[in-house]
A.B. asks: 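I have a structure I would like to understand better, so I am pasting it below and will then ask my questions one at a time.
Order of listing sets the numbers, starting from 1, for every ligand and every atom in it. FYI, the numbering just counts along the sequence from 1.
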Amino acid sequence: MRQEPRANIYRDAWAGELRADRCGTEVRVAGWVHRRRDHGGLIFIDLRDRSGIVQLVIHPQASGDAFALAEDLRPEHVVSAEGEIVKRAEQNVNPNLATGDIEIHVRSLQRLATSETPPFPIDEDVDVDENIRLKHRMLDLRRQRMQEALLLRDTVIRTMRQTLAERDFVDVETPILTRSTPEGARDFLVPSRLQPGSWYALPQSPQLFKQLLMMSGYERYYQIARCFRDEDLRADRQPEFTQLDLEMGFVEEDDVLEVTEAVMHAVFQTTGFPLPPPPWPRMSYHEAMLRFGSDRPDRRFGLELSDVSDELRGSEFRVFESVLGGGGAVRALNAGAREMSRSELDGLNDVVRRHGGKAVAYAFVENGAWRSPIAKFFSAEQQAAVIDALGGSDGDLLLFVADEPRTAAEALGALRLELGRRFGLIPEGTHDVLWVVDFPMFEPAEGGHWGAVHHPFTAPKGSFEDPGAMLSRGYDLVVDGWELGGGSIRINTPEVQREVFKVIGLGEEEADRRFGFLLDALKYGAPPHGGIAMGIDRVVALVGARESIREVIAFPKTASGGDPMTGAPAPVDDDQLRELGVRVVAPPASG
Ligand code: ASP
């Protein structure tokens with residue numbers, strides 16, 4: 001039960017908290033006209049404040065002047081009302097409303113503001129075009145679903161803070177105007193007026209600052225941190241988003257994982273999200289790729305991948321042979337007994353292509369052999385061996401992707417998810433959590449260089465002689481196929497940090513210019529340290545069962561990075577540009 005409001009001229013109680021035990025007493029409530037009904041002389045108003053809804057009854061005689069005003073009220077007008085709390089007659093009780101067995105017989109009524117007719121109804125959960133919702137977000141946020149989402153978000157963040165405070169973490173703010181912090185995305189830049197020609201970058205994460213805080217002896221840091229990444233947007237991406245960012249000194253992987261499990265378990269428990277208590281299982285990146293074709297495997301359904309390269313080697317099928325000869329792999333999965341037409345099967349190629357693959361081959365199991373356009377290229381033994389490896393039985397559909405091993409895995413992994421969705425293979429209400437560990441440290445990047453798979457401050461395992469074989473001390477938390485967060489144990493010596501910079505193609509000079517402050521700090525007694533960041537928007541969308549993170553952010557951007565309400569981003573005055581020493585080369589798009 002929330003605390004009573006301080007009585008003032010507008011209210012002395014929350015509308016949604018009134019119950020039958022207060023019948024016979026006077027009350028003053030304030031809020032918005034949620035709905036208004038005229039019933040044979042009586043006017044009924046559902047009054048809404050943040051706590052809920054209560055019914056006002058306005059009587060032509062007993063309510064005096066209030067009646068004339070009530071006749072004039074419309075949805076979303078703002079009112080304050082005084083009257084007596086009265087028990088409703090048995091037949092008028094509304095079991096769907098917390099306050100449904102009482103009503104307020106109004107004696108006086110005051111209108112505090114009028115409202116134009118809103119562009120969409122506030123009192124119903126109807127589908128409204130998202131652009132219209134975002135343009136009028138202040139109204140959209142009045143709707144019950146949005147109120148629930150933002151209160152849920154508050155609960156999630158509060159739980160995180162509480163759990164960390166109990167464990168001695170300190171909340172430290174880090175700068176928003178800073179230098180580039182590489183997390184693999186493009187930076188948002190802010191021109192400096194005082195130093196024309198110089199630019200701040202908005203932080204992609206507080207990564208380097210939190211590491212410096214460990215070197216400064218804070219040992220346990222956290223922050224509800226805003227991060228900025230200029231990326232092409234997808235359903236679960238925003239140009240600015242919020243992380244629970246934390247870092248710990250004198251720790252190994254197990255320490256960070258244990259704290260993260262405690263925080264997330266508390267979040268899942270308070271929000272009623274059904275996941276087993278920690279410790280949560282761990283799976284290596286290698287195994288995740290091999291079995292699920294993804295580094296964030298959704299294990300809630302089967303259709304696991306297998307490598308059938310050995311079974312198929314030496315066939316007459318030139319496509320597979322040339323892939324296998326070039327060091328590639330053939331990955332396959334048994335989709336089970338599925339009815340799929342030729343055109344549906346062909347349609348699967350689109351999924352594979354979207355994920356870098358070339359094509360998918362298929363075969364139906366029939367009497368221990370394949371029925372497939374490519375069956376003729378394989379011996380009976382090869383067909384039987386593959387059926388055996390995939391546990392196939394009559395009627396099963398087998399799917400194959402041949403490519404460079406990682407592409408084959410990822411393309412087939414995407415296909416697996418598509419089939420899971422299409423055939424409804426994820427049982428309603430089931431959830432799964434796991435850690436993915438032992439990521440590769442480096443991956444091939446453009447220009448023949450290596451790139452860091454996590455970020456270049458992650459501690460590596462293995463020898464720099466063979467960067468491609470090195471693993472990292474990174475970890476990701478995955479729930480239902482979503483990466484909820486990730487982090488790592490960090491490098492804590494300047495030598496190793498320089499080595500990593502070298503591998504990713506950062507010369508000494510550039511490393512000094514961009515990260516001199518870090519390399520410097522590492523010289524003055526840097527403890528072993530590590531941390532993690534959890535995507536709060538994703539966590540809230542997950543526990544609130546929302547389709548998109550835009551549903552759990554008060555003022556999000558559209559898919560093209562705009563805010564239809566404020567009109568951001570927008571051109572600025574020439575004067576402003578001149579002051580900043582900035583000239584726009586590309587004219588802003590009109591409109
Ligand atoms: N800074 C990393 C990120 O935003 C998380 C971490 O390594 O703690 O992904």
A.B. asks: Out of all atoms in ligand 1, which are within 4.0 Å of some heavy atom of Gln243? Include the element for each.
C.D. replies: 3 (C), 4 (O)
A.B. asks: May I ask you to check whether over 12 heavy atoms, not counting those of Tyr218, lie within 6.0 Å of atom OH?
C.D. replies: no
A.B. asks: Under the 3.5 angstrom rule, does the side chain of Glu404 hit a backbone N or O of Arg406 as a donor-acceptor pair?
C.D. replies: yes
A.B. asks: Suppose we measure from atom 6 (C) of ligand 1 to each protein heavy atom; which comes out shortest, and what is that distance?
C.D. replies: Gln207 OE1, 3.3 Å
A.B. asks: What residue and atom, counting heavy atoms only, is the protein's closest point to atom 7 (O) of ligand 1, and at what distance?
C.D. replies: Arg490 NH1, 2.8 Å
A.B. asks: Report yes or no: does Asp255 contribute a side-chain atom to a donor-acceptor pair with the main-chain N or O of Glu252 at less than 3.5 Å?
C.D. replies: yes
A.B. asks: Under 4.0 Å from any heavy atom of Ile532, which atoms of ligand 1 are there?
C.D. replies: 8 (O)
A.B. asks: Should you measure from each heavy atom of Lys210, which atoms of ligand 1 turn up under 4.0 Å away?
C.D. replies: 6 (C), 8 (O)
A.B. asks: I need the single residue from Asp403, Val323, Val401, Asn349 that forms a side chain to side chain contact (heavy atoms under 4.5 Å, CB included) with Lys358. Which is it?
C.D. replies: Asp403
A.B. asks: Identify the closest protein heavy atom to atom 9 (O) of ligand 1: which residue and atom is it, and at what distance?
C.D. replies: Glu183 OE1, 3.7 Å
A.B. asks: Should Arg282 and Asp254 count as an ion pair when the cut-off is N to O under 4.0 Å?
C.D. replies: yes
A.B. asks: Any N or O of Asp245 that comes nearer than 3.5 Å to an N or O of ligand 1?
C.D. replies: no
A.B. asks: Donor-acceptor pair, Arg229 side chain versus Gln204 backbone, under 3.5 Å?
C.D. replies: yes
A.B. asks: Does Arg229 approach ligand 1 within less than 4.0 angstrom via side chain, backbone, both or neither, non-hydrogen atoms only?
C.D. replies: side chain
A.B. asks: Polar-atom distance check: Gln204 versus ligand 1, any N or O pair below 3.5 Å?
C.D. replies: no
A.B. asks: May I ask you to check whether Phe515 and Phe501 place their ring centers less than 6.0 Å from one another?
C.D. replies: yes
A.B. asks: Please evaluate residues Lys502 and Glu508 with respect to the criterion salt bridge (charged side-chain N to carboxylate O under 4.0 Å, His left out), reporting the C-alpha separation (whole Å), side-chain torsions for both, the decisive distance (0.1 Å), and the verdict.
C.D. replies: CA-CA 8 Å; Lys502 201 158 90 193; Glu508 293 265 317; over 6 Å; no
A.B. asks: Heavy-atom distances under 4.0 Å decide this one: backbone, side chain, both or neither, for His454 against ligand 1?
C.D. replies: side chain
A.B. asks: Would you say the ring centroid of Phe273 lies under 6.0 angstrom from that of His431?
C.D. replies: yes
A.B. asks: Classify the contact between Ala533 and ligand 1 as side chain, backbone, both or neither, using a heavy-atom distance cut-off of under 4.0 Å.
C.D. replies: both
A.B. asks: Can you confirm, on distance only, whether ligand 1 has an N/O atom lying under 3.5 Å from any N/O atom belonging to Ser488?
C.D. replies: no
A.B. asks: Please report which non-hydrogen protein atom sits nearest to atom 5 (C) of ligand 1, along with the residue it belongs to and the distance in Å to one decimal place.
C.D. replies: Gly486 O, 3.3 Å
A.B. asks: Indicate, as side chain, backbone, both or neither, the part of Glu247 found under 4.0 angstrom from ligand 1 when only non-hydrogen atoms are considered.
C.D. replies: neither
